[in-house]
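Here the structure is laid out as structure tokens; the discussion comes afterwards.
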Amino acid sequence: MPSKSSARLAALTVAAVCSAASTVVLTSPAHADVVRVHDIQGTTRTSPYAGKQVTDVTGIVTGVRTYGSSRGFWIQDPEADADPATSEGVFVFTGSTPKGVAVGDLVKVSGTVSEFVPGGTASGNQAVTEITKPVTTVVSSGNAVPAAVTLDADSVPDAYVPDGDRTADGSVGGLTLEPSAYALDLYESLEGMNVQVADARVVGATDPFTELWVTVKPQEHDSRRGGTVYGSYAAQNSGRIQIQSLGAAADFPVANVGDTLAGTTAGPLDYNQFGGYTLVAGRLGTLESAGLERETTRRQQPGELAVATYNVENLDPSDTSFDAHASAIVNNLKSPDIVSLEEIQDNNGAVKDGTVAADRTVQKLIDAIVAAGGPAYDWRSIDPVDLADGGEPGGNIRQVFLFNPQRVSFTDRAGGDATTAAGVTEVRGKAALTLSPGRIDPANAAWANSRKPLAGEFVFRGRTVIVVANHFNSKGGDQSLTSQFQPPARNSETQRHAQATVVNTFVKDVLAVQRNADVVVLGDINDFEFSGTAQILEGDGELWSAIKSLPRKERYSYVYQGNAQTLDQILVSPSVRRGCDFEYDSVHINAEFNDQISDHDPQVLRFHP
């Protein structure tokens, strides 16, 4: 899938261009008069004053944001009402660097109340109540900032969010907030207010945009390495919250999963496009390292076949990460016999000039592996049609098989290309591919603008193993867990379901010819082991996702918004699973670290064919 960095930069560009168009003004019968902040915020997610002018709204400045496309400051009324559903804080949007205000100023603000949707209304994100076009008067300075509300395991509900109003397309926007019942209702009732977390464990490493994720519920679905595991659609992990900073980027802590922000981290509670509710810290806790180390799997035994999948994140010859990837394959994965690589780009990366060959990219990695002390891998792949397989424009990403010719052999059957479908035939009573390497049903609409599966036939100690390398459609375009629509729509899975159906049908064809065939289907499935995609892939027992052999605390290959989750999978046919004579390892070398060379952790399966 595209890296968070590339997607994020594109989204920031769009947000900068379209920020004005993303302000939603709602008509309301509310009387435009002098009001308090809690009157503006109201008891739902949208303000009863939206679209109205307000005059002399009083509050103390709790934070000033001088960067990005959403510049302004937060104010909080020091005299709270008795209703826990109404926030006492609100963001004042100035558009440019705020001048003449500082934290601790008591101010009066006049302006227009608006509901701003980060990312635009099409994103499905919730709206942020703001005062726009402000006229601000400083009444006094040096006032005490209102005490921060503590977010912890006692105050944040386990239930995440109520189901939306079916008469409003599932929106929760008009529902009365229940902050004692739902985590997102609690966060919304604190929107714009000064909040704090204490001794919070990091569950999402610092990224290039100087943000990280912590949990205020240390025991909530905790992994053995300090993360928070996302194990079902019904368990969203309500203790997760994003941390950003009002200070200089250079001062932001560089953290890995399992580290702790010791002491107090405090600031206004915001909502943004990339993660929802966010504590924008004016005060950051002290980083305490947990000393998390990259994992190393064991080396396969002579009679074991080791098969791995590894998304190397848009690798092309201009990258500087070849040596690091090579070291990971040799030292952390212990040189698997077969490695399915995803996101290998063509020889000039994201240049749209018709280049589709990737031999330079692959050879550069193989050479680096040899230099790192690994085997001289051979490789097989099929070049895609230019610009037909999605991913970074011009990059022409594809799957590639690396294999150690000292341990396994590849059965070549000519004729495979970008548009010709590989089939299954019978050779001396055994299932065989008509093309090897070959693509599975590449003309099927399921693969539109997406990577086509690569099938190959290998022989290990006289036993044929059919391997299918995949990179399914990404989750781009899905509504977020913090969406105003609940439950959030997962529109991207429609294509993955179709892709899973095609691959499962192919495996059915193999097993129809040879019931005990060894089949391994692996890659970046871009969906969870409990998802509908995985269920369709598994079918009626044709395949089984081997990551489910691990304890729940260890089932993850990717960390997104503080949720450790499974996107990369290795599925096996009944002959591989039947004797339980296999071992699975999700090798955590990337996803939990701030200095990752890919956003995915590789997976390794060892078994006796």
Side-chain angles (χ1 to χ4, degrees), residues 300 304-309 336-340 342 380 382 399 401-403 407-413 416 421-442 451-472 499-525 529 533-549 568-584 603-609:
Q300 64 270 31
E304 286 181 310
L305 179 66
V307 183
T309 177
D337 301 308
I338 302 169
V339 183
S340 167
E342 297 87 49
R380 297 291 188 275
I382 291 178
Q399 297 87 267
F401 289 129
L402 297 186
F403 63 95
R407 294 264 300 167
V408 296
S409 61
F410 190 88
T411 303
D412 287 292
R413 293 196 179 91
V424 181
T425 188
E426 183 176 339
V427 176
R428 294 187 291 277
K430 303 293 185 180
L433 302 181
T434 58
L435 305 172
S436 178
R439 285 183 149 193
I440 296 175
D441 200 3
R451 284 65 56 188
K452 287 71 176 171
L454 177 69
E457 190 174 317
F458 296 85
V459 176
F460 176 73
R461 295 196 162 200
R463 176 82 175 185
T464 295
V465 180
I466 293 174
V467 182
V468 181
N470 302 273
H471 186 182
F472 280 10
Q499 293 173 340
T501 299
V502 173
V503 175
N504 176 265
T505 298
F506 183 82
V507 175
K508 276 188 172 79
D509 291 343
V510 174
L511 299 181
V513 173
Q514 183 185 349
R515 188 175 180 181
N516 68 338
D518 290 337
V519 183
V520 177
V521 172
L522 77 175
D524 181 358
I525 304 302
E529 80 280 12
T533 302
Q535 292 171 9
I536 295 169
L537 258 179
E538 291 179 322
D540 295 322
E542 291 84 19
L543 292 168
W544 182 71
S545 183
I547 198 169
K548 292 190 290 189
S549 66
D568 308 84
Q569 300 187 46
I570 301 178
L571 299 97
V572 297
S573 62
S575 65
V576 178
R577 182 189 179 192
R578 187 173 296 119
C580 294
D581 190 19
F582 66 87
E583 186 173 85
Y584 191 95
Q603 314 291 292
V604 178
L605 175 78
R606 291 178 290 268
F607 68 104
H608 293 82

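Below, each value reflects all heavy atoms present in this structure, side chains not excepted, and no hydrogens, waters or symmetry copies. Predicted model only: the values in this text are computed from it and were never measured.
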Give the C-alpha distance, both sets of side-chain angles, the deciding distance and a yes or no for side chain to side chain contact (heavy atoms under 4.5 Å, CB included) between Ile382 and Leu454.
CA-CA 8 Å; Ile382 291 178; Leu454 177 69; 4.1 Å; yes
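- Contact annotation: the side chain of Leu522 never approaches that of Val468 to less than 4.5 Å [non-hydrogen atoms, C-beta and beyond].
- Scanning both residues, Leu543 and Val507, for their nearest heavy atoms gives CD1-CG2, 3.9 Å.
- For the pair Ser573 and Leu511, the tightest heavy-atom approach, listed with the atom from each and the gap, is CB-CD2, 4.4 Å.
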Test side chain to side chain contact (heavy atoms under 4.5 Å, CB included) on Ser549 and Trp544; report intermediate values, then the result.
CA-CA 10 Å; Ser549 66; Trp544 182 71; 3.8 Å; yes
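- Contact annotation: the side chain of Val503 approaches that of Val521 to within less than 4.5 Å [non-hydrogen atoms, C-beta and beyond].
- For Arg463, the CZ atom sits in a packed shell: over 12 heavy atoms of surrounding residues, nucleotides or ligands are nearer than 6.0 Å.
- The distance from atom CZ of Phe607 to atom OG of Ser575, rounded to the nearest 0.5 Å, is 7.5 Å.
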Worked check of side chain to side chain contact (heavy atoms under 4.5 Å, CB included) between Ile547 and Ile570
CA-CA 7 Å; Ile547 198 169; Ile570 301 178; over 6 Å; no
Between Arg407 and Glu304, is a salt bridge (charged side-chain N to carboxylate O under 4.0 Å, His left out) present by the stated rule, with each step listed?
CA-CA 10 Å; Arg407 294 264 300 167; Glu304 286 181 310; over 6 Å; no
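- Look at Glu529 and Lys548 and you find no salt bridge, because none of the NZ, NE, NH1 or NH2 atoms lies under 4.0 Å from a carboxylate O.
- Between Asp524 and Arg451, no side-chain nitrogen of the basic residue sits less than 4.0 Å from a carboxylate oxygen of the acidic one, so the salt-bridge criterion is not met.
- Judged by distance alone, the side chain of Gln514 and the main-chain N or O of Ala431 form a donor-acceptor pair under 3.5 Å.
- Between Pro437 and Asp412 the shortest heavy-atom distance is CD-OD1, 4.1 Å.
- Using a 4.5 Å cut-off on side-chain heavy atoms (C-beta onward), Ser409 and Phe403 make no contact.
- Donor-acceptor pairing under 3.5 Å is lacking for the side chains of Asp568 and Gln603.
- Put simply, OG1 on Thr533 and CD on Gln535 are 9.0 Å apart, with the number rounded to the nearest 0.5 Å.
- Taking the side chain as every heavy atom from C-beta outward, Val307 and Val604 never approach each other to under 4.5 Å.
- Of all non-hydrogen atoms in Phe401 and Ala469, the two that sit nearest each other are CE2-CB, 3.7 Å.
- Rounded to the nearest 0.5 angstrom, Leu605 CG and Gln569 CD are separated by 12.5 Å.
- With hydrogens and angles left out, the side-chain atoms of Asn470 and Gln399 include no donor and acceptor closer than 3.5 Å.
- Here Thr505 contributes atom OG1 and Glu542 contributes atom CD; the two are 8.5 Å apart, rounded to the nearest 0.5 Å.
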Test log, rule side chain to side chain contact (heavy atoms under 4.5 Å, CB included), inputs Thr411 and Val459:
CA-CA 7 Å; Thr411 303; Val459 176; 3.7 Å; yes
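- Once rounded to the nearest 0.5 Å, the distance linking CG of Asp337 with CZ of Arg606 reads 10.5 Å.
- Between atom CZ of residue Phe472 and atom CD of residue Gln499 there is a gap of 5.5 Å, rounded to the nearest 0.5 Å.
- Residues Glu538 and Leu571 have side chains in contact (heavy-atom distance under 4.5 Å, counting atoms from C-beta outward).
- Contact annotation: the side chain of Leu305 approaches that of Val408 to within less than 4.5 Å [non-hydrogen atoms, C-beta and beyond].
- Residues Val510 and Lys508 have side chains not in contact (no heavy-atom distance under 4.5 Å, counting atoms from C-beta outward).
- The two residues Phe506 and Leu433 make their nearest non-hydrogen contact at CZ-CD2, 3.6 Å.
- Using a distance-only test at 3.5 Å, with no hydrogens or angles considered, a donor-acceptor pair links the side chain of Asn504 to the main chain of Leu537.
- Between Ala432 and Glu457, the closest heavy-atom pair is CA-OE1, 3.5 Å.
- Between the side chains of Glu342 and Thr309, at least one donor N or O sits under 3.5 Å from an acceptor N or O.
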